[in-house]
Amino acid sequence: MIDTDGMMIVFTVNANVTDPNGDPLRYHLMFSSKYINQSTGLSNATFTQTGATSFSVTAPEVLGTWKVYLCLLIALRR
């Protein structure tokens with residue numbers, strides 16, 4: 001979404017996640033546009049990890065109700 005000044009809108013996502021075994025965690029953020037165009041797929045979000053479990057996310061350019069998904073990948077230690 002672009003605000004009235006033509007600037008991209010960025011918002012923050014914070015998560016409170018840890019792995020009980022201390023395995024490294026990786027994250028990926030995605031959007032669902034189901035409420036905009038009935039799509040059942042997910043699209044990649046542009047984001048930057050700003051802290052251990054916080055992210056700065058660029059909002060989609062299309063106005064509407066979007067769901068944001070935080071996908072968590074665990075790299076198991078062997």
Side-chain angles (χ1 to χ4, degrees):
M1 178 168 55
I2 300 176
D3 69 10
T4 55
D5 296 326
M7 306 273 299
M8 295 299 250
I9 303 231
V10 176
F11 60 94
T12 301
V13 171
N14 294 303
N16 186 13
V17 294
T18 58
D19 180 78
N21 298 322
D23 294 317
L25 303 176
R26 293 187 340 191
Y27 305 92
H28 191 74
L29 281 94
M30 303 186 87
F31 291 122
S32 167
S33 61
K34 180 176 182 176
Y35 299 107
I36 296 176
N37 60 12
Q38 280 63 54
S39 173
T40 57
L42 298 174
S43 58
N44 294 318
T46 301
F47 71 95
T48 302
Q49 190 165 351
T50 56
T53 57
S54 60
F55 309 88
S56 176
V57 185
T58 302
E61 292 184 14
V62 176
L63 291 175
T65 301
W66 291 82
K67 283 189 174 185
V68 180
Y69 291 87
L70 174 64
C71 304
L72 179 62
L73 307 168
I74 302 172
L76 299 176
R77 294 181 188 166
R78 294 186 182 242

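Treat the numbers as computed from the prediction; the structure is a model and nothing was measured. These numbers come from the heavy atoms of this one structure, side chains and all, not from hydrogens, waters or symmetry mates. Numbers for residues simply follow the sequence, beginning at 1.
Under the side chain to side chain contact (heavy atoms under 4.5 Å, CB included) criterion, Thr12 pairs with Asn14, sequence neighbours left out. Qualifying side chain to side chain contact (heavy atoms under 4.5 Å, CB included) partners for Tyr35, counting only residues two or more places apart in sequence or in other chains: Thr65, Lys67. In terms of the side-chain hydrogen bond (donor to acceptor under 3.5 Å, both in side chains) criterion, Thr46 has no residue partners (sequence neighbours excluded). A search for side-chain hydrogen bond (donor to acceptor under 3.5 Å, both in side chains) contacts involving Asn16 returns nothing, not counting sequence neighbours. Considering only residues two or more places apart in sequence or on other chains, Ser56 meets the side-chain hydrogen bond (donor to acceptor under 3.5 Å, both in side chains) condition with none of them. Remark: Ile36 engages Ser33, Val62, Trp66 in a side chain to side chain contact (heavy atoms under 4.5 Å, CB included) (not counting sequence neighbours).
Between Val68 and Phe11, the closest side-chain pair of non-hydrogen atoms falls below 4.5 Å. Considering only heavy atoms from C-beta on, Val13 comes within 4.5 Å of Leu29 through its side chain.
None of Leu72, Thr18, Val17 except one satisfies the side chain to side chain contact (heavy atoms under 4.5 Å, CB included) rule with Thr53; the exception is Val17.
In the hydrophobic clustering of ILVMFWY residues, with side-chain heavy atoms under 4.5 Å counting as a link, Val10 and Phe31 come out apart.
In this structure, Tyr69 belongs to a hydrophobic cluster whose other members, linked by side-chain heavy atoms under 4.5 Å apart, are Met30, Leu42.
Among all heavy-atom pairs drawn from Phe47 and His28, the shortest one is CZ-CA, 3.9 Å.
In terms of modelled atom types and a separation under 3.5 Å, the side chain of Asn37 and the main chain of Ser39 share a donor-acceptor contact.
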